[in-house]
Amino acid sequence: MRREDFDILKEKVYGRELVYLDNAATTQKPREVIDAMVYAYTHFNSNIHRGVHHLSQIATLNHEEARQKVAKYINAKSADEIVFTKGTTDSLNMLAFSAGELLVKEGDEIIVSTVEHHSNIVPWQMMCERKGAKLRVIPMCEDGSPDMEAYVKLLNERTKLVSVAHVSNVLGTVNPVEEIVRRAHERGVLVAIDAAQSAAHKKVDVQELDCDFMAFSAHKMYGPTGLGVLYGKREWLEKLPPAEGGGEMIEHVSFEKTTYNTLPYKFEAGTPDFIGSYVFGKALDYIESAGREEVEKHERELTEYAEQRLREVEGVKIYAAGMRKAGVISFNIEGVHPYDVGVLLDRQGVAVRTGHHCAEPLITRLGVSGTVRVSFALYNEKEDIDKLIEALQRAKQILKG
């Protein structure tokens, strides 16, 4: 699908055609997204919101139009519920600080799951240390799914917020976030969803999910680096205090008192990445033009095909094999360190990720030091998987002597 739009895929790596299978880390950018960045800097580069001149007005219009596109993409009720941040990590840190200040007191509890990325663990740990609260963890079942019976038991009158990944960045498993939200709301508990690994790959509808907050990054969605989104229901964004102070987020400043701006600007201190937001809007246009249902179907077929082909490689162990996944597979080869596999694949032009994938607790739960991870995007094809398998077989021969 649309492979020709991605010039980087024509690059040679050690004399071989690039096979890029590290999309969970970051996706490549289509030509029109790259062109949009050049266009923005050459036609309307000017600080937004406060300028009365033409360039500032155009830049402001484009920035706010991008916010509208994000709201439409996740089906938020209003663009005012879309806060631009530096990325998923920044969004979750912002939320942990603000929610902690408003909601959490000593002895309260925050729930995360075993499969979380560090970005959805450490900010909550920091908040718990600051407030004297406790971090509770949903155990993982042997198949990689969250233990929902244990989750329900963890919910109690001290639970203030649940924060879970929509899709595991290690296993690729799709967590039952609908049920997680429903169970939490039955107890009056708020829910945040880390959608970093789902927003580009499947339908994400915040009203349907009924989540209170959601975070994701542009660079994993064919967009620019350094830009992310924090979605929040208006009722909660209005209640939460801002995490940062400075320009843009203020209504009035005196040495005696500062009052804050309206949503979403209350949470957007300083000059925003108005170039990045414009470019991200073009990336969302690109995903929509490809057809979100078609992309999800294509990536599901790739994932199933990859698991099938990987089983042909002797000694391969696939984690959460056969589970419903969103374009991510982790595996190991018996007796071989994942780093060695990654290096030998790279020498054959195949780009994968190895290590703990910023999810050390999950890797520890799996009982390994790391895994080899392959992850797909709309431009990948079955031929890429065939080349991966061929490269793996050659790597095995080298490593086994």
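In terms of modelled atom types and a separation under 3.5 Å, the side chain of E360 and the main chain of H356 share no donor-acceptor contact. Using a distance-only test at 3.5 Å, with no hydrogens or angles considered, no donor-acceptor pair links the side chain of Q68 to the main chain of A79. Remark: side-chain polar atoms of S375 are paired, donor with acceptor, to backbone N or O of A24 under 3.5 angstrom. A donor-acceptor contact shorter than 3.5 Å is absent between the side chain of R234 and the backbone of L263. Judged purely by atom type and a 3.5 angstrom limit, H201 has no side-chain atom pairing as donor or acceptor with the backbone of A199. For the pair N93 (side chain) and T89 (backbone), a donor-acceptor distance under 3.5 Å is present. For E248 (side chain) and T271 (main-chain N/O), no donor-acceptor pair under 3.5 Å exists by modelled atom type. In this structure, the side chain of K382 does not engage the main chain of L302 through any donor-acceptor pair within 3.5 Å. Counting only distance, with no hydrogens or angles, the side chain of Q28 and the backbone of F6 share no donor-acceptor pair below 3.5 Å. Listed for the H337 side chain is a donor-acceptor partner under 3.5 Å among the backbone atoms of Y339.
Considering all non-hydrogen atoms of both residues, N175 and V115 come closest at ND2-CG2, 3.7 Å. Taking all atoms of both residues into account, the shortest heavy-atom contact from I363 to G370 is CG2-N, 3.8 Å. Scanning both residues, P338 and T354, for their nearest heavy atoms gives O-CG2, 3.2 Å. C141 approaches D147 most closely through the heavy-atom pair SG-CA, 3.6 Å. In plain terms, the two heavy atoms of R292 and Y73 that are nearest each other are NH1-O, 2.9 Å. Pairing each heavy atom of Q57 with each of V52, the nearest pair is NE2-CA, 3.8 Å.
With a 4.5 Å cut-off on side-chain heavy atoms, Y319 and T173 do not count as touching. Contact of the D384 side chain with the R3 side chain is registered, since non-hydrogen atoms from C-beta on lie closer than 4.5 Å. By the 4.5 Å heavy-atom criterion applied to side chains, F216 and V204 are not counted as neighbours. A 4.5 Å side-chain heavy-atom check between K239 and L102 finds at least one atom pair inside the cut-off. In this structure, the side chains of R353 and N169 stay at 4.5 Å or more apart for every pair of heavy atoms. Counting heavy atoms from C-beta outward, F376 and I385 have side chains that approach closer than 4.5 Å. Contact check for V313 versus K396: side-chain heavy atoms found under the 4.5 Å cut-off. In this structure, Y379 and D5 have side chains that are not in contact, with every pair of non-hydrogen atoms separated by 4.5 Å or more.
F44 meets the ring pair (Phe, Tyr, Trp, His ring centres under 6.0 Å) test with Y278; sequence neighbours excluded. Take F274 and apply the ring pair (Phe, Tyr, Trp, His ring centres under 6.0 Å) test, not counting sequence neighbours, and it matches no residue. Remark: E268 engages R67 in a salt bridge (Lys or Arg N to Asp or Glu O under 4.0 Å) (not counting sequence neighbours).
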Exercise for the section: Could you go through the side-chain contact (heavy atoms from CB on, under 4.5 Å) check for Y20 and E11 one step at a time? Expected result: CA-CA 10 Å; Y20 187 77; E11 286 292 303; over 6 Å; no
Problem - Verdict with supporting geometry, R394 and E390, salt bridge (charged side-chain N to carboxylate O under 4.0 Å, His left out) - result: CA-CA 6 Å; R394 190 173 294 118; E390 182 182 340; 3.3 Å; yes
Practice task
Verify side-chain contact (heavy atoms from CB on, under 4.5 Å) between H63 and H49, making sure each step is shown before the conclusion.
Solution key: CA-CA 9 Å; H63 180 70; H49 292 146; 4.1 Å; yes
Exercise for the section: Could you give me the CA-CA distance, side-chain angles and deciding distance for L95 and W124, then say whether side-chain contact (heavy atoms from CB on, under 4.5 Å) is met? Expected result: CA-CA 9 Å; L95 177 60; W124 301 110; 4.0 Å; yes
Problem - Candidate pair L92 and H117, rule side-chain contact (heavy atoms from CB on, under 4.5 Å), full reasoning - result: CA-CA 11 Å; L92 292 168; H117 188 282; over 6 Å; no
Exercise for the section: Start with the C-alpha gap between E142 and R365, add the side-chain angles, then the distance that decides, and say whether salt bridge (charged side-chain N to carboxylate O under 4.0 Å, His left out) holds. Expected result: CA-CA 10 Å; E142 289 300 319; R365 169 67 176 79; 3.1 Å; yes
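Among L392, I389, V316, the single residue meeting the side-chain contact (heavy atoms from CB on, under 4.5 Å) criterion with R309 is I389. Under the salt bridge (Lys or Arg N to Asp or Glu O under 4.0 Å) test applied with E296, the options R324, K325, K203, K202 reduce to a single match, K202.
Within the model, atoms OH of Y41 and CD1 of I275 stand 5.0 Å from one another, a figure rounded to the nearest 0.5 Å. Atom OG1 of T85 sits about 6.5 Å away from atom CG of L227, to the nearest 0.5 Å. Within the model, atoms OG1 of T60 and CG of L55 stand 10.5 Å from one another, a figure rounded to the nearest 0.5 Å. Atom CG of L9 and atom CD of E381 lie 9.0 Å apart (nearest 0.5 Å). A distance of 5.5 Å separates CD1 in I110 from SG in C128, rounded to the nearest 0.5 Å. To the nearest 0.5 Å, the span separating NE2 on H219 from OG1 on T88 amounts to 6.5 Å.
Around atom NE2 of H54, no more than 12 heavy atoms belonging to other residues, nucleotides or ligands sit under 6.0 Å away. Remark: E235 CD is packed, more than 12 non-hydrogen atoms of other residues, nucleotides or ligands lying under 6.0 Å away. Around NZ of K86, the count of heavy atoms belonging to other residues, nucleotides or ligands within 6.0 Å does not exceed 12. When the shell of 6.0 Å around NZ of K257 is examined, it contains 12 or fewer heavy atoms from other residues, nucleotides or ligands. More than 12 heavy atoms of other shown residues, nucleotides or ligands fall within 6.0 angstrom of atom CD in E312. Taking a 6.0 Å sphere around CD of E157, one finds it holds more than 12 heavy atoms contributed by other residues, nucleotides or ligands. Annotation: E179, atom CD; neighbour count of heavy atoms from other residues, nucleotides and ligands within 6.0 Å is above 12.
In this model, no donor atom of one side chain and acceptor atom of the other lie less than 3.5 Å apart for N23 and Y222. Under 3.5 Å, the side chains of S289 and R2 contain a donor-acceptor pair of N or O atoms. If you check the side chains of E109 and N156, you find a donor sitting under 3.5 Å from an acceptor. Remark: the H185 side chain and the D210 side chain contain an N/O donor-acceptor pair separated by less than 3.5 Å. Judged purely by distance below 3.5 Å, without hydrogens or angles, the side chains of S98 and E101 never pair a donor atom with an acceptor atom.
Between E307 and R311 a salt bridge is recorded (basic side-chain N to carboxylate O distance below 4.0 Å). Salt bridge status for K387 with E17: present, with a side-chain N to carboxylate O gap under 4.0 Å. Taking a cutoff of 4.0 Å between a charged side-chain nitrogen and a carboxylate oxygen, K297 and E293 do not qualify as a salt bridge.
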